[in-house]
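Worksheet: the structure to be examined is printed underneath.
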Amino acid sequence: MPELPEVEIVKQSLIKGVQFKKITDVIIKNRNLRFKIEKNLKNKILNKNINNIYRKSKYLILKFDKNEFLIIHFGMSGTLHKIKDNNKIKTNLSFYHLKNLPKKHNHVYFIFKNFKIIYNDPRRFGFIKYFNSHQKLNNFFKNYGPDPFEKSFNIEYLKKKLKDKKKNIKNLLLDQKFISGIGNIYANEILFYSKINPLKKGENISNYEINKILKISKSVLNKAIKKGGSSIRDFKNSKGKEGSFQEEFAVYDREKKNCKSRNCNSKIIKINISNRSTYICNYCQKK
DNA sequence: AAGAGGCCCTGATAGC
DNA sequence: TGCTATCAGGGCCTCT
């Protein structure tokens, strides 16, 4: 499901609804995610207060008192849902992403005093991990590249990392060791607005293009955050507070549609790069 | 050692 | 309608 903007929306929702609240019970219905949820997770977080909530790339980080952390990754299909105890049917729409609580694939119930937060993940590509120190948390992220909003994501960094890289720029943007937080939707969008062909090799990216990537990755992601993220596929018809950035995609999922650039009469085409759908305007993104 | 592709999994949808 | 094939906001692992 989510890339950086969607996780950011979840984070913002949680800050409103869950920060400074205490977990009074944890019910694990199904431990099978990308990594098995540890058996004694409940004992580790029971009766603990969530004192802060962060996002790092596509990860949600819950911080408890005393430097204990829970990280949540949503994989392709993970979602969080808030259910109020005084009305079992009504879900709280301030939470990304689904309107209603799904019947299947609810893996974990985090119980609070007056509500529950439920982690649902049909495809099980997401995971939940606990760390009991700052060092262990940092260690988990040590191989991750900067998130596009971090200061270390700058000209020098990109120049250095792109030098002699044979890998194409699309795969580089998707490589979390290189930049973390960008996924398939936003990689496509960023390359379109940067007017860079996704197949262009890293080593051939010019300084001018590096500057474009720096600037445009931030602007595209920021715009998506402002729109509440992207809600596509099974989410696209639901109403409520889900994101609307999908309505503004320039290229993603726009095969055979008109290029949105002014003075361009081309159609968006879809190609395959490393088994991920890649959408380009061949005219605007010449090699 | 970097880079490409397979694979993990379920569900929605398109095409026959 | 009911098959089957393909595809999906990700990323770890294996092979070359």
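Just so we're on the same page: letters track the sequence lines, and every chain starts at 1.
As judged by a 4.0 angstrom heavy-atom cut-off over every strand, Phe245(A) is placed among residues making no nucleic acid contact. In this structure, Lys201(A) reaches neither bases nor backbone, as no heavy-atom distance under 4.0 Å exists between it and the strands shown.
Ring-plane geometry between Phe112(A) and Phe115(A) is classed as parallel, the angle between the planes falling under 30 degrees on a 0 to 90 degree scale with a further cut at 60.
Qualifying side-chain contact (heavy atoms from CB on, under 4.5 Å) partners for Thr24(A), counting only residues two or more places apart in sequence or in other chains: Ile111(A).
Taking the six-membered ring for Trp, Phe249(A) and Tyr279(A) have ring centres at least 6.0 Å apart.
An OP1 or OP2 oxygen of dT10(B) is reached within less than 4.0 angstrom by no side-chain nitrogen or oxygen of Lys104(A). Taking 4.0 angstrom as the limit, His73(A) places a side-chain polar atom (N or O) nearer than this to OP1 or OP2 of dG11(C). Applying the 4.0 Å criterion to OP1 and OP2 of dG11(B), one finds that Ser77(A) has every side-chain N and O outside that range.
Of the listed nucleotides (dC12(C), dA4(B), dG10(C)), dC12(C) has the atom at the smallest distance from the side chain of Tyr144(A). Among the nucleotides dG11(B), dA8(C), dG11(C), the one closest to any side-chain atom of His105(A) is dG11(B).
In DNA chain C, stems built from 3 or more consecutive Watson-Crick or G-U wobble pairs, each with both distances under 3.5 Å, span B:2-8 with C:10-16, B:10-16 with C:2-8.
When hydrophobic side chains of Ile, Leu, Val, Met, Phe, Trp and Tyr are connected at separations under 4.5 Å, Leu199(A) ends up clustered with Ile269(A), Ile271(A), Ile273(A), Ile280(A).
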Without placing hydrogens or testing angles, list every side-chain donor-acceptor pair under 3.5 Å for residues 220-229 of chain A, not counting sequence neighbours.
residue   : atom : partner   : partner atom : Å
Asn222(A) : ND2  : Lys218(A) : O            : 3.4
Lys223(A) : NZ   : Glu248(A) : OE1          : 3.1
Lys227(A) : NZ   : Glu248(A) : OE2          : 3.1

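Only the P atoms considered, dT14(C) is 15 Å distant from dC9(B), to the nearest whole Å. Rounded to a whole angstrom, the distance from the P atom of dG6(B) to that of dT6(C) is 13 Å.
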Protein-nucleotides 1-3 of chain B N/O pairs closer than 3.5 Å?
residue : atom : partner   : partner atom : Å
dG3(B)  : OP1  : Lys166(A) : N            : 2.8
dG3(B)  : OP1  : Lys167(A) : N            : 3.3

Can you pull every protein N or O that's under 3.5 Å from an N or O on nucleotides 7-9 of chain B?
residue : atom : partner   : partner atom : Å
dC9(B)  : O2   : Arg123(A) : NE           : 2.8
dC9(B)  : N3   : Arg123(A) : NH2          : 3.2

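Salt bridge status for Lys165(A) with Glu203(A): absent, with no side-chain N to carboxylate O gap under 4.0 Å.
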